[in-house]
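Convention: sequence-line order gives letters A, B, ...; per-chain numbering from 1. All figures in this text were calculated on a predicted structure; none of them were measured in a lab. All values below come from the heavy atoms of this structure, side chains included, with hydrogens, waters and symmetry mates left out.
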Amino acid sequence: MNSNTPMDNNAAEEKLVSAASSEVIINIEKVNKWYDDFHVLKDIDLVVKKGERIVVCGPSGSGKSTLIRCINNLEEHQEGSIVVDGITLNKNLKNIDHIRTEVGMVFQNFNLFPHLSILDNLMLGPIWVRKMPKAEARATALEYLERVKIPEQADKFPGQLSGGQQQRVAIARSLCMNPKIMLFDEPTSALDPEMIKEVLDVMIELADTGMTMIVVTHEMNFAKTIADRVIFMDEGDIVEENEPLQFFNNPQHDRTKLFLSQIL
Amino acid sequence: MAFVKKEITPARPAPLSERSVIGWMHKHLFSSFYNSILTIVTMYIIYITTKGLWVWGIADAVWIAESRRECFDISIDGACWAGVIAWMDNIFYGRYPKDELWRVNVGILLLIVWMLPLWLPRVKGKIFIAITLISFYPFLANYIFLGGESSFFSQFMVSAAIVSFVVIMLNAIIGVIQGQSISTFIATRLGSSLKSEKSQRNLNIALLIMAFIIAFLWQQSWVLGEVPWTKWGGLFLTLVISGIGIATALPSGIILALGRRSKLPVIKVLSTTFIEVFRSVPLITVLFMATTMFPLFLPEGFVLNKLAQVIIAVCLFNAAYMAETVRGGLQTIPKGQYEGAHTIGLGYWGTMGLIVMPQALKNMIPNIVGNFISILKGTTLVSIIGLFDILGMLSSVSRDLSWIGLHKEPLLFGAMIFFILCALMSKYSRHLEAKLSTNRKT
Ligand SMILES: Nc1ncnc2c1ncn2[C@@H]1O[C@H](COP(=O)(O)OP(=O)(O)OP(=O)(O)O)[C@@H](O)[C@H]1O
Ligand SMILES: [Mg+2]
């Protein structure tokens, strides 16, 4: 994995200055979740500070996606509490809708809207959810397309773009909603190697702006560059949690060691 | 030995077989010995059948005669189109009074002209056109077709229809010439002194109210004699019933399909039961039940005429079918689309209306139009319960004393009418599909 990632091996030295403040923005306490009888998340505790950048890794099926999908309620948890930006996630649909406007999410397979042009993909949320005037939404959309470096694709449709471009559009689409938190679920795993870098570059720039980010990824060099903390999950547990240098150079738990030996 | 290409290979025209008629025929019809034999045999069969049809239907046919007897006297084995021609008005309009036929034509023409701007690319505000068409046109058409005394409510809606129609026409003309909507046109031409959006809106509303008052006063001077529904018939009646069926099927089908997928158990069970009940009963049974059983459900003293009962039955039946079509379309939309919509904060209605439905309906165009076609054809069943729709009229020809026993020609004529209508619909559906799929491949 490591050898063909496009990032330098000394990336760790270029590590971004942490933007983490002391203000808590996500507070997950004793969260449990089951799919029928299958216990996916077991007593998860996690506190995320504003501006903090967290990388989540772990073997397939360990519950990484499930955990971050609980944060914007794409999945419901059954026990414990999740508080995002001061709002408790519960059955209250208003709370859920509110939190979703504050939390952006980027998926492995982009989930762009194929029937809308790139520009319309980006303008949809601001216009219909934020009730922004059309002209302003358009200006915002173009600005973010510029930021992800594909302004010239504005009038195309998602199906006409490469995977890397689509993923950058997906990032821009979330950013147009001006979220406080961004969740990424393996944003580069569906991409060809030569496209991974363009997406990671955009994410690094985003991290540079002080965005709170939770990223599920196996791109370890990326983790070393941006992460304030790396979280290792296995079988629904958070098994180990550390700052990246310590985590990679000096893993404590046997399962972490095994996992790292497999992917590095 | 490295190889480096020095020149770019020039483009050549495609081989002859792709371009000329002879080339095409050689490739597709006579490519091998057996293929050639098959082609020749097929052509011979086509020749024999069409020749018979030609001789009977055109060459030896009788076009002008007073009765079937006279037809026989002129040509014994030719078609007697004279009978169809004599009945033409009845086939199209039923027993609608001859002097009032213009009303039917005007009503249908209004519908066509109302919809026309939907196909003009430069015209703005298509949603407005569609909404007014659905909400006001039916009242206008109802008044034009039925006439007689009309209630205040009906007059109100007729006036609204007149205003909408005029606005749509002006909007279309301005759209074609200027590429603007009528409200921006007014704002830039007349309202340049008005700065804020709000005062522009007030101006528009004032203009609309004025137009409405004029329309209301004008329509009060209309005098249209009553033509009771029992006189309606022929193709006109078929189009009224199937038109209402087609117009309501999609919206009610969408509501039922969403209901069936709802997380609320009551709505889910109700929708599912409705759909399954109507889908498991033949339309003719529904029609019989409607005409005999609706009166039982209605409040005392409230009489619903047979036509209204039939229309309601047709609408309910087709709503159930359309619901399943729409549900099939909804199932083609991957879960990721819902999640993508949720993550930008869209709720249930936003997700459905902006993301899921547009894609599902696009995928469903052939099936939806297929449904429309079967609504049109299925409507002919009303002739069995005694309405004189086009099929009822066509079979009445043979009971006319002058044309007694004339079956084939009217039915063939009816078949041609249905063929033309259905072919137009499916042709349009293919056109729509092709148009919507350009640029938008996933
Ligand atoms: N909708 C579901 N119904 C039942 N089981 C599910 C569902 N979604 C996930 N699971 C199960 O829950 C477990 C955790 O899934 P999850 O997608 O969170 O894993 P992951 O860590 O993201 O794995 P990967 O690296 O493969 O994406 C897996 O065993 C999976 O099979
Ligand atoms: Mg996952």
Is [X] in contact with chain B via its backbone, its side chain, both, or neither, using a 4.5 Å heavy-atom distance?
X        : answer
A:Phe107 : side chain
A:Arg173 : both
A:Leu93  : neither

Crowded around [X] [atom1]? As in, over 12 foreign heavy atoms under 6.0 Å?
X        : atom1 : value
B:Trp119 : CH2   : yes
B:Arg201 : CZ    : no
A:Arg138 : CZ    : no
B:Ile127 : CD1   : no
A:Lys149 : NZ    : yes

Per side-chain contact (heavy atoms from CB on, under 4.5 Å), B:His342 is matched among A:Asn111, A:Asp97, A:Leu74 by A:Leu74
Worksheet item: So, for A:His115 and B:Ile355, which heavy atoms are closest and what is the spacing to 0.1 Å?
Response: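 It is CE1-O, 3.7 Å.
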Problem set entry | Minimum heavy-atom distance between B:Thr343 and A:Met105, given as atom pair plus value |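 Looks like CG2-CB, 3.4 Å.
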- Could you check which of B:Gly336, B:Pro358, B:Gly347 has the highest count of heavy-atom pairs closer than 4.5 Å to chain A?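 Sorted descending by pairs with chain A, the first entry is B:Gly336.
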With a 4.5 Å limit on heavy-atom distance, are the side chains of B:Ile344 and A:Val129 in contact?
no
Rounding to 0.5 Å, atoms CH2 (A:Trp128) and CG (B:Leu354) come to a distance of 5.0 Å
